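Notes follow the structure.
Per chain, numbering begins at 1; letters A, B, ... match sequence-line order. This one's a predicted model, so the numbers in the text were calculated from it and none came from an experiment.
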Amino acid sequence: MNIKAPKGTKDILPNEMANWHFIEKTAEETFEKANFKEIRTPIFEDTNLFERGVGDTTDIVNKEMYSFEKSERSLTLRPENTAGVVRAYLEHNLYRESPPSKFWYFGPMFRYERPQAGRQRQFHQIGVEMFGIQDASADAEVIMLAVEFLKRLGLNDLTVEINSLGCSVCRKEYKEQLKKAISPFLNQLCEDCQSRFEKNPLRILDCKNENCNKLFEEYNLKSKISGIKLCDECSSHYEKLKLYLNALNIKYVENTFLVRGLDYYTKTVFEIKSNNLGSQNAVCGGGRYDGLVETLGGVHTPAVGWAMGVERLNALIPLIETKKIDYFVVSDNQLEAVKLTEKLRNKGFSAEFDYTSRKFAKQLEKAAKIAYKAIILGEDEINNGYLTVKDLQTSEQTKISFDKLIN
RNA sequence: GCGGGUAUCGCCAAGUGGUUAAGGCCUCGGAUUGUGGUUCCGAUAUUCGUGGGUUCGACUCCCACUACCCGCCCCA
């Protein structure tokens with residue numbers, strides 16, 4: 001067979017499922033505890049939703065969308081899920097419950113990109129979205145939740161980075177001042193930065209080019225940026241967030257260079273990075289998006305959320321061993337073996353029998369690989385109404401009456 | 001879209017112009033006709049990503065293509 005999984009997609013094989021279930025279960029427990037409710041939205045949406053929601057200057061919309069036409073309608077495999085959740089929130093009037101509305105989701109996302117370590121074309125995200133609260137306590141709530149989730153997954157060596165991009169008013173001012181600070185050495189910056197200067201100057205700050213970073217140092221860009229003032233409301237929001245994080249004992253690094261590639265973010269943005277991944281080291285990214293609900297046709301609704309890359313999380317979690325089954329029935333009488341297996345399953349045990357009635361040595365060999373215990377059901381057992389149960393870890397073997405095991 | 005790397009059994013691999021393409025793991029069978037995890041023995045690639053070319057001869061040299069991996073952009 002020469003058909004392979006498409007570039008950038010991966011099969012999740014049975015031996016990896018324990019890890020995925022662990023992540024999913026931990027997510028559910030963590031988020032439900034904080035009264036976030038799960039939501040599942042379609043995997044494809046109207047292309048328009050993403051163009052308007054994610055923003056048409058972003059790379060996601062410009063070059064990474066899987067779009068297709070059906071009945072003269074343009075649809076797109078979702079590249080992220082915030083826009084979809086907002087759409088559902090509006091479509092079903094979920095804003096009519098008393099705020100906040102809190103959601104979490106888990107599912108596949110699609111972006112047409114060149115795959116590399118930590119990046120696939122189909123990948124999975126776990127995310128939370130919280131609507132209706134303007135106060136920085138909401139920002140703190142979702143960051144706290146992210147940190148708690150990661151902690152429960154047993155992950156450490158992670159760094160929380162935060163920044164504020166300001167609101168629509170002060171961000172404009174911020175951009176202007178940033179451009180002013182950069183313009184003296186603009187012509188020495190890399191090609192990417194040159195094009196970013198007009199398109200989205202904020203992203204210049206995130207450039208990984210060594211020479212650019214040297215220039216930033218040389219011209220003292222960092223201190224110039226931190227000198228740029230947000231408006232009163234935005235800066236007090238940011239201060240308040242830090243106050244909350246400190247009170248919660250959440251360690252964070254302020255990174256004035258932190259910007260995000262999606263257009264909808266306002267005020268708070270944050271990322272959680274791992275020190276144990278390749279160059280795609282962001283495990284979680286998010287922020288506040290106070291304008292998005294309005295952009296998509298709702299009334300002004302403050303909102304904040306984040307998304308995590310499940311494959312990236314999984315890369316940090318050691319392989320969890322697949323659980324063995326409780327019983328493997330060893331027998332040369334398949335009819336009796338099936339009957340016993342069925343009874344065991346009805347009792348709530350996981351059980352299998354040998355389909356080939358090979359010699360006992362081979363059956364035991366198989367049993368030891370896949371089960372914790374073997375039940376030997378041979379001629380003697382059948383004739384005398386008992387079972388031999390063998391613990392495959394300790395090799396301990398006991399005779400037990402048929403009725404006792406089943407009842 | 002740009003740059004670099006790799007392609008030999010299900011997996012990990014040695015081979016590097018000359019008869020039958022090492023080895024290990026896994027799987028299956030036997031030693032052990034009712035007892036596994038140790039040990040021993042045996043089986044499993046007419047074939048080296050695909051298509052051309054060079055050569056008496058190519059897995060080994062050349063060309064093209066494809067796939068995958070890594071990095072940039074960007075993002076989870």
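Listed in residue order, the members of residues 303-313 of chain A having a heavy atom less than 4.0 Å from RNA chain B are A/A307, A/G309, A/R312. RNA chain B is contacted by no residue of residues 38-49 of chain A, taking any non-hydrogen atom closer than 4.0 Å.
For A/F149 and A/F31, the ring centers are positioned less than 6.0 Å apart.
Atom-to-atom distance recorded for A/E173:CD and A/C170:SG is 9.0 Å, nearest 0.5 angstrom. Atom CG of A/L150 is separated from atom SG of A/C284 by 6.5 Å, given to the nearest 0.5 angstrom. Taken to the nearest 0.5 Å, the OG atom of A/S350 stands 3.5 Å off from the CG atom of A/D326.
A/I60 is not listed as a side-chain neighbour of A/F50, based on a closest heavy-atom distance of 4.5 Å or more. Using a 4.5 Å heavy-atom cutoff, the side chains of A/L364 and A/L392 are in contact.
The number of heavy-atom neighbours closer than 6.0 Å to CD of A/E396, taken from other residues, nucleotides and ligands shown, is 12 or below. Counting heavy-atom neighbours within 6.0 Å of A/R40 CZ, excluding the residue itself, gives a total of 12 or less.
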Sequence neighbours excluded and cut-off under 3.5 Å, please list the side-chain donor-acceptor pairs for residues 134-146 of chain A, or say none.
unit_1	atom_1	unit_2	atom_2	d
A/Q134	NE2	A/D290	OD2	3.4
A/D135	OD1	A/K240	NZ	2.5
A/D135	OD2	A/S137	N	2.8
A/D135	OD2	A/S137	OG	2.8
A/D135	OD2	A/Y244	OH	3.1
A/D139	OD1	A/H237	NE2	3.4
A/D139	OD1	A/R288	NE	3.1
A/D139	OD1	A/R288	NH2	2.6
A/D139	OD2	A/H237	NE2	3.0
A/D139	OD2	A/T268	OG1	2.6
A/D139	OD2	A/R288	NE	3.1
A/E141	OE2	A/K102	NZ	3.1

Under 3.5 Å, which donor-acceptor pairs link side chains of residues 179-187 of chain A to any protein atom two or more places apart or in another chain?
unit_1	atom_1	unit_2	atom_2	d
A/K179	NZ	A/E198	OE1	3.4
A/S183	OG	A/K179	O	3.3
A/S183	OG	A/K180	O	3.0

Using distance only, find each side-chain donor-acceptor pair of residues 310-321 of chain A under 3.5 Å and give its atom names and separation, not counting sequence neighbours.
unit_1	atom_1	unit_2	atom_2	d
A/E311	OE1	A/H124	N	2.9
A/E311	OE2	A/H124	N	3.4
A/E311	OE2	A/H124	ND1	2.8
A/R312	NE	A/G118	O	2.8
A/R312	NH1	A/A282	O	2.9
A/R312	NH2	A/G118	O	2.9

Give the table of side-chain donor-acceptor pairs shorter than 3.5 Å for residues 371-380 of chain A, with sequence neighbours excluded, one pair per line with atom names and distance.
unit_1	atom_1	unit_2	atom_2	d
A/Y372	OH	A/K324	N	3.3
A/D380	OD1	A/N384	ND2	3.0
A/D380	OD2	A/Y386	OH	2.6

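A cation-pi arrangement, defined by a distance under 6.0 Å to the six-membered ring centre and an angle within 45 degrees of its axis, is present between A/R121 and A/Y112.
The interatomic distance linking A/E396 (CD) with B/U35 (P) rounds to 19 Å, in whole Å. Remark: C1' of B/A76 and CZ of A/R78 are 13 Å apart, rounded to the nearest angstrom. Atom CZ in A/R203 sits roughly 7 Å away from atom C1' in B/C74 (whole-Å rounding). Spacing between atom CD of A/Q116 and atom C1' of B/C2 amounts to 13 Å, rounded to whole angstrom units. Per the geometry, CZ belonging to A/F360 stands 8 Å off C1' belonging to B/U35, to the nearest Å. To the nearest angstrom, P of B/C74 lies 15 Å from CZ of A/F257. Atom pair A/K390:NZ and B/G36:C1' shows a separation of 6 Å (rounding to whole Å applied). The nearest whole Å value for the distance from the CD atom in A/Q280 to the P atom in B/C73 is 9 Å.
Using atom P as the reference point in both B/A22 and B/U39, the two lie 24 Å apart (nearest Å).
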Using side-chain hydrogen bond (donor to acceptor under 3.5 Å, both in side chains), reason through A/E28 and A/W104 one step at a time and then give a plain yes or no. CA-CA 8 Å; A/E28 183 180 345; A/W104 72 275; over 6 Å; no
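At the heavy-atom level, A/E379 lies under 4.0 Å from base atoms of the strands shown. The residue A/A367 sits apart from the nucleic acid: no heavy atom pair falls under 4.0 Å. At the heavy-atom level, A/Q363 lies nowhere under 4.0 Å from the strands shown. Within the 4.0 angstrom heavy-atom criterion, base atoms lie near A/G118. Within the nucleic acid shown, A/G378 comes within 4.0 Å of at least one base atom, counting heavy atoms only.
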Collect all protein-nucleotide pairs involving nucleotides 4-13 of chain B in which both atoms are nitrogen or oxygen and the distance is under 3.5 Å.
none

Any protein N or O atoms within reach of nucleotides 64-68 of chain B? Criterion: under 3.5 Å, listing atom names and distances.
unit_1	atom_1	unit_2	atom_2	d
B/C68	OP1	A/K7	N	3.3
B/C68	OP2	A/K7	NZ	3.2

Write down the protein N/O and nucleotide N/O pairs, taken from nucleotides 24-27 of chain B, whose separation is under 3.5 Å; answer none if there are no such pairs.
unit_1	atom_1	unit_2	atom_2	d
B/U27	OP1	A/K369	NZ	3.1

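Comparing B/C70, B/A76, B/C73 by their closest approach to the side chain of A/R196 singles out B/C73. Set against B/G34, B/C69, B/U35, the side chain of A/D380 has B/G34 as its closest nucleotide. Of the listed nucleotides (B/C69, B/G34, B/A76), B/C69 has the atom at the smallest distance from the side chain of A/P115.
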RNA chain B in dot-bracket form (Watson-Crick or G-U pairs under 3.5 Å, [ ] crossing, | inter-strand) is ((((((((.[[[..)..(....]]].(((((.......))))).....[[[[[..)....]]]]])))))))....
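Between the side chain of A/K359 and the base of B/U33, no donor-acceptor pair of N or O atoms lies under 3.5 Å. Donor-acceptor pairing under 3.5 Å, judged by distance alone, is present between the side chain of A/R119 and the base of B/C74. Between the base of B/G36 and the side chain of A/Q397 there is no donor-acceptor pair shorter than 3.5 Å.
For the side chain to side chain contact (heavy atoms under 4.5 Å, CB included) test, residues two or more places apart in sequence or in another chain that qualify with A/T322 are A/N15. Residues forming a salt bridge (charged side-chain N to carboxylate O under 4.0 Å, His left out) with A/E16 (at least two apart in sequence, or on another chain): none.
A salt bridge links A/E233 with A/K267: the closest approach of a Lys/Arg side-chain nitrogen to an acidic carboxylate oxygen falls below 4.0 angstrom. Using a 4.0 Å cut-off between a side-chain N of Lys or Arg and a carboxylate O of Asp or Glu, A/R152 and A/E148 qualify as a salt bridge. Ion pairing between a basic and an acidic side chain is recognised when a charged N comes within 4.0 Å of a carboxylate O; A/E365 and A/K362 show such pairing. A salt bridge does not link A/E342 to A/K339: none of the charged side-chain nitrogens sits closer than 4.0 Å to a carboxylate oxygen.
Contact check, A/R358 against B/G29: a side-chain N or O comes under 4.0 Å of OP1 or OP2.
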